[in-house]
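Okay, so here's the structure we're looking at.
All of these numbers come straight from a predicted model, not from anything done at the bench.
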Amino acid sequence: MFAAAEPSAMAIFTKQFTNADEYEEWLAEASGRVNVLSIENSPVSFGSTAQPRGGPVVLRYQTNDRSFAPPRSIVRRTIEVAIIAAIFFALFLYFTNGF
């Protein structure tokens, strides 16, 4: 009776963590809701004899969950609205003066 909703494309994001602990806490919270695409400067795996690498951990991931998307800036949103308003105003001027 009801049509199935088509799955939407997953958005890809990049997130930087200051250390491996912060990364592991975020990943535990996000478990099952994100697909990890790549990890740069990844923390050492359990049982590995390699020395831990310092510095930030950079993660590329994709998700449908909007709570894991980075916040949009107010400036970006304002610019988008201004562009759309300018287009509508130009169309208004064109159609009122053209006919």
The side chain to side chain donor-acceptor pair (under 3.5 Å) partners of E25 (sequence neighbours excluded) come to none
In this structure, CZ of F88 is separated from CG of L93 (nearest 0.5 Å) by 13.5 Å
By side chain to side chain contact (heavy atoms under 4.5 Å, CB included), N19 pairs with (sequence neighbours left out) D21, E22
Taken in chain and number order and not counting sequence neighbours, the residues that satisfy side chain to side chain contact (heavy atoms under 4.5 Å, CB included) with I83 are I79, I87
Contacts of S38 meeting side chain to side chain donor-acceptor pair (under 3.5 Å) (sequence neighbours excluded), chain-then-number -> none
Residue pairs meeting salt bridge (charged side-chain N to carboxylate O under 4.0 Å, His left out), one or both in residues 78-95, sequence neighbours left out, come to R72-E80, R76-E80, R77-E80
Applying side chain to side chain contact (heavy atoms under 4.5 Å, CB included) to I74 and not counting sequence neighbours gives T78
Under a side-chain separation threshold of 4.5 Å, the hydrophobic residues clustered together with V81 are none
Side chain to side chain donor-acceptor pair (under 3.5 Å) filter on R60, not counting sequence neighbours, yields none
Apart from I12 itself, its cluster of hydrophobic side chains linked below 4.5 Å comprises L37
task: On the 0 to 90° scale, with breaks at 30° and 60°, tag the Y23-F17 ring pair as parallel, tilted or perpendicular.
output: perpendicular
- Task: Report yes or no: do V58 and V34 belong to one cluster of Ile/Leu/Val/Met/Phe/Trp/Tyr joined by side chain heavy-atom distances under 4.5 Å?
- Result: no
Task: Check: T63/D65 side-chain N/O donor and acceptor closer than 3.5 Å - done: no
